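Down below is the structure, laid out as structure tokens.
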Amino acid sequence: MKMIWIIFKKEFLGFYKSPLFYLIAFLSTILLSITFSMGLQNFAMTISNSMYQMGVSSQQMNIHYSVFLQHLSFLNLMFMFFVPALAMRLIAEEKKTRTFDLLLTSPVESFQIVIGKFLALFSVVFSITLVACIYFVISRRMFEFNWGPTLVAAFGILLVGAVYCAVSLFASSLTENTMISFSLGIVFNISLWILGGLSEVFEGPISKPIFEQISLNQHLQGMIEGVLKTNGLIFFCSLIFLFCFLTERLVESARWRA
Amino acid sequence: MIEVLNLTKNYGDRTAIDNLNFKIEKGDVVGLLGPNGAGKSTTMKIITGFMSPTSGVARIGGFDVFESPLEVKKKIGYLPETPPLYLDMTVEDYLRYVAELKLVPSAEIKKNIEKSLLKTQLLSVRKRVIRNLSKGFKQRVGIAQALVSNPEVLVLDEPTVGLDPKQVAEIRELIKELKGSHTIILSTHILSEVQATCNKVIIIHQGKIVAQDSIDQIEKMNQGFVTLNLKTRAAKNIKLILEKIEGVKSVSASDDLTYVIEMSDRADLTDDIAAEVLKSGAGLVELVRSKNQLEDVFLRLTYGQGVNQQENHQVTNEVLV
């Protein structure tokens, strides 16, 4: 536990001292601010003018769907690209600068290295999600809405962010080239969505449910509507576990592959 | 303290080290000597638990490196070929992190950092970011990193690479200081470094140990021959005259003025040689017994016996560069 804390602390402070983190935080707040205010303005127009309401589905008349969810799905899109960028320094860069040798010759187990680094990366995702939630808090001062579904949806995006963390960390452990690690991370993150999308393609009585069950979208959908399901939670947690485990194996393999 | 039994490591088809056996007692300073690619770094990586051997056992303080790696790693300070530095950290923060990683009790961390900064003379740069330090400073931060946990065993892979002559001397001084309280293995291809700091040498060539003993013993392995370096005033070929002296094994002329004479160590022929040189009218400028006994043994063992003295010295220069 102590080792995990030591590694977490080092990586956590490392993030908050690196220009890359601030660049990403800056970009995401700017982009979120622009899209959120635009979304809110559109919504206000639709609501106030009966002309605009013609032919618009009832879902779009709901602030939860038309503003908040758009906001969160934009956050999700950003995570897909930003998390691999943050993850590349965690293992790939350590391998490249040979500091990984220090970790491997210290009295620390591979799983402690991986968990420490995963938690540090997740803390960044968590803090960006918190920043994204400020927009809801501010909106709340202007008008009433139901907190519940919004928070569950935000929690859903946080979980997806955690999956990206594990996947990007895995990509980072595959190579010692940071650019390859970054690109692989993005490819993996996107393929997670594509894999789920295959449920649309397959029509078979067996294959369709299988793809539905491994679809991120399917599990996130419930949360977006404000419903927290155990199978969804288990799905996300097992994905996180799977990729952390694979990363741990790769870190461990450095000892005998060299 | 350190025990290595039948250690073998293959990289695919290539055998990096082949059936190594050696034992190092507590407090010894051992030089691992060999040409580039002899298997020095591989041996060190296995001892530190960084990589696993193909077969064989390495034990530190009675603990098998691969059965109980955590115990072993607590006892070891390791400086790899490339110092493992986080370039975006300050020297002090970096040393604190390493101390924490090596499980130094928190009460002792501050004291240990001060001590290793002092020993490696880094106090003036403690607050500087490592990225901005010169190569020599970076190398010293690497050494400080190995010292910071006050380990029983220090494994230093070419510790003086990239340092200027004064710093090299300081690091050798430091290693001598640590002698006794720490068991130290250092690898190098610089022979004078071994002579200056170690009390035992292990010479590795092509993955095999070709000699291991104390420095004195190894120097005696020069098969009963010593070498003399001669420099004359006038260019006069006296090679034949010198070769006629009884006890002289071979004479090779580097140029018209300088000769390398190999002779039996049983008789002291210095007087005879000097007399002959003066008699020939060449004039004597310099006549010294070669101090590079270890070097001769090393070259003999690694570059083969058939090499004549002249070639030896050319090779030596390459090795020393």
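Quick caveat, the model's predicted, so the values are computed rather than measured. Every chain is numbered from 1, with letters handed out A, B, ... down the list of sequences.
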Around atom [atom1] of [X], are there more than 12 heavy atoms from other residues, nucleotides or ligands closer than 6.0 Å?
{"X": "R98(A)", "atom1": "CZ", "result": "no"}
{"X": "K208(B)", "atom1": "NZ", "result": "no"}
{"X": "F241(A)", "atom1": "CZ", "result": "no"}
{"X": "K115(B)", "atom1": "NZ", "result": "no"}
{"X": "K179(B)", "atom1": "NZ", "result": "yes"}
{"X": "F126(A)", "atom1": "CZ", "result": "no"}

In Å and rounded to the nearest 0.5 Å, what is the [atom1] to [atom2] distance from [X] to [Y]?
{"X": "T97(A)", "Y": "L85(B)", "atom1": "OG1", "atom2": "CG", "answer": "8.5 Å"}
{"X": "M89(B)", "Y": "L13(A)", "atom1": "CE", "atom2": "CG", "answer": "8.0 Å"}
{"X": "K102(B)", "Y": "S106(A)", "atom1": "NZ", "atom2": "OG", "answer": "4.0 Å"}
{"X": "L101(B)", "Y": "T105(A)", "atom1": "CG", "atom2": "OG1", "answer": "9.0 Å"}
{"X": "D101(A)", "Y": "T48(B)", "atom1": "CG", "atom2": "OG1", "answer": "8.5 Å"}

field: Part of E93(A) within contact of chain B (heavy atom distance under 4.5 Å)
entry: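 Interface part for E93(A): neither.
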
query: Among residues 114-122 of chain A, which residues come closer than 4.5 Å to chain B, judged by heavy atom distances?
result: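 No residue falls under the 4.5 Å cut-off.
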
Using non-hydrogen atoms only, which part of [X] is less than 4.5 Å away from chain A: side chain, backbone, both, or neither?
{"X": "V72(B)", "answer": "neither"}
{"X": "E71(B)", "answer": "neither"}
{"X": "F66(B)", "answer": "neither"}
{"X": "Y86(B)", "answer": "both"}
{"X": "I76(B)", "answer": "neither"}
{"X": "P69(B)", "answer": "neither"}

query: Is there a side-chain contact between K17(A) and D93(B) (heavy atoms, below 4.5 Å)?
result: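 Yes, their side chains come closer than 4.5 Å.
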
message: Is the shortest side-chain heavy-atom distance between L104(A) and M51(B) below 4.5 Å?
response: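 The answer is no; the side chains never approach within 4.5 Å.
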
Heavy-atom closest pair, residues [X] and [Y]:
{"X": "D88(B)", "Y": "R89(A)", "answer": "OD2-NH2, 3.4 Å"}
{"X": "V108(A)", "Y": "L70(B)", "answer": "N-CD2, 3.8 Å"}
{"X": "P107(A)", "Y": "K73(B)", "answer": "N-CB, 3.7 Å"}

message: So that I can tick it off, tell me whether K10(A) and E100(B) are bridged by a salt bridge, with the cut-off set at under 4.0 angstrom between side-chain N and carboxylate O.
response: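 Not counted as a salt bridge, because no side-chain N and carboxylate O are separated by less than 4.0 Å.
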
